[in-house]
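Written out below as structure tokens is the structure these notes cover.
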Amino acid sequence: MAKLVDKAKGFVADKVAHVQKPEADLADLSVGHVGRDGATLAGRLDVRNPYSHSIPICEISYSLKSAGREVASGTMPDPGSLKASDTTQLNVPVKIPYDFLVSLVKDAGRDWDIDYEMRVGLTVDLPIIGNFTLPLTKTGELKLPTLSSIF
């Protein structure tokens, strides 16, 4: 009996492993808004849904690091759903407090950009499987706005 149960578990695990899953790409990170209280960066996710029905998004979690330090982190609960058989663009606003923004600008130095690593976890509710998290990571350089572009 135990062998039959193990065989059934193996069969189900194999079938679940080959189920199509949504694919995502962390496409862009840009400066959204800079003010006296801090800055908001805008991360853009492009998520392709292979199913013929929409898929609810449970949450988006994010973490932004620069110079080995975590700059910001948070979650967006229930940001909507993925369009059926289409690519959905999702915006992830990352709020950076003013005091940390000042230390980042000091680190930016001569080239006026910030090296970053952004990690995003997109959790969707897949039929039969349940909650499934797509992990995404992007590294790059973020060009800082000049004073003339702010004012």
Side-chain angles (χ1 to χ4, degrees), residues 12-151:
V12 170
D14 185 51
K15 292 299 179 190
V16 169
H18 292 93
V19 169
Q20 281 188 318
K21 298 171 189 78
E23 296 174 3
D25 180 39
L26 184 54
D28 191 24
L29 182 67
S30 60
V31 177
H33 172 72
V34 178
R36 289 179 286 182
D37 59 337
T40 302
L41 303 180
R44 191 184 90 217
L45 292 174
D46 293 333
V47 187
R48 190 183 70 75
N49 179 2
Y51 298 112
S52 60
H53 59 278
S54 63
I55 298 175
I57 303 170
C58 299
E59 76 173 11
I60 298 174
S61 59
Y62 61 88
S63 170
L64 179 69
K65 292 184 179 184
S66 179
R69 299 177 290 182
E70 187 171 277
V71 177
S73 65
T75 59
M76 291 176 51
D78 193 24
S81 61
L82 302 176
K83 297 176 203 167
S85 302
D86 200 4
T87 299
T88 304
Q89 290 185 349
L90 301 168
N91 292 316
V92 181
V94 180
K95 190 131 175 98
I96 299 177
Y98 180 75
D99 58 339
F100 210 90
L101 187 62
V102 170
S103 69
L104 284 177
V105 170
K106 287 179 184 176
D107 292 344
R110 242 181 290 150
D111 57 0
W112 207 241
D113 64 23
I114 297 172
D115 296 327
Y116 70 87
E117 176 186 36
M118 184 158 177
R119 293 179 183 221
V120 175
L122 174 69
T123 304
V124 294
D125 186 12
L126 293 179
I128 300 172
I129 297 174
N131 287 356
F132 179 77
T133 301
L134 293 166
L136 304 165
T137 302
K138 182 173 182 98
T139 57
E141 290 182 344
L142 179 66
K143 282 288 189 192
L144 295 173
T146 61
L147 288 177
S148 61
S149 67
I150 296 173
F151 299 106

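These figures come from a predicted structure and were not determined experimentally.
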Salt bridge (Lys or Arg N to Asp or Glu O under 4.0 Å) against Lys65, all qualifying residues, sequence neighbours excluded | none
Approximate separation, where rounding is to 0.5 Å, of Leu82 CG and Ser85 OG | 11.5 Å
Residue set satisfying side-chain hydrogen bond (donor to acceptor under 3.5 Å, both in side chains) with Thr133, at least two apart, ordered chain then number -> Thr123
Rounded to the nearest 0.5 Å, what's the gap from CG on Leu26 to CZ on Arg44? Could you check?
-> 9.5 Å
What is the distance from atom CG of Asn91 to atom OG of Ser30, rounded to the nearest 0.5 Å?
-> 8.5 Å
Considering residues at least two apart in sequence or located in another chain, which fulfil the salt bridge (Lys or Arg N to Asp or Glu O under 4.0 Å) criterion with Glu23?
-> Arg48
Of all heavy-atom pairs between Thr88 and Ser81, which one has the smallest distance, and what is that distance?
-> CG2-O, 4.2 Å
Gap between atom CG of Leu29 and atom OG1 of Thr139 - 0.5 Å precision = 11.5 Å
Is any side-chain heavy atom of Leu90 less than 4.5 Å from a side-chain heavy atom of Met76?
-> no
Find the distance between NZ (Lys138) and CG (Leu45) and round it off to the nearest 0.5 Å.
-> 10.5 Å
Heavy-atom pair of closest approach, residues Ala24 and Leu136 = O-CD2, 3.4 Å
When rounded to the nearest 0.5 angstrom, what is the spacing between OG in Ser61 and CZ in Arg119?
-> 11.5 Å
Would a distance-only check, ignoring hydrogens and angles, find a side-chain to backbone donor-acceptor pair under 3.5 Å from Asn49 to Lys83?
-> yes
Counterpart residues, side-chain contact (heavy atoms from CB on, under 4.5 Å), relative to Asp125 (two or more places apart) = Pro56, Cys58, Asn131
Verify side-chain contact (heavy atoms from CB on, under 4.5 Å) between Met118 and Val94, making sure each step is shown before the conclusion.
-> CA-CA 10 Å; Met118 184 158 177; Val94 180; 3.7 Å; yes
Donor-acceptor contact below 3.5 Å, side chain Ser66 vs main chain Asp115 = yes
Are side-chain heavy atoms of Pro79 and Val92 found at a separation under 4.5 Å?
-> no
Sole candidate of Leu64, Val31, Thr40 that passes side chain to side chain contact (heavy atoms under 4.5 Å, CB included) when paired with Ile96 = Leu64
Tell me, please, which residues at least two apart from Ser73 pass side-chain hydrogen bond (donor to acceptor under 3.5 Å, both in side chains).
-> Glu70
Residues passing the salt bridge (Lys or Arg N to Asp or Glu O under 4.0 Å) test with Glu59, sequence neighbours excluded, are none
Thr75 to Tyr62 - nearest heavy-atom pair and separation = N-CE2, 4.0 Å
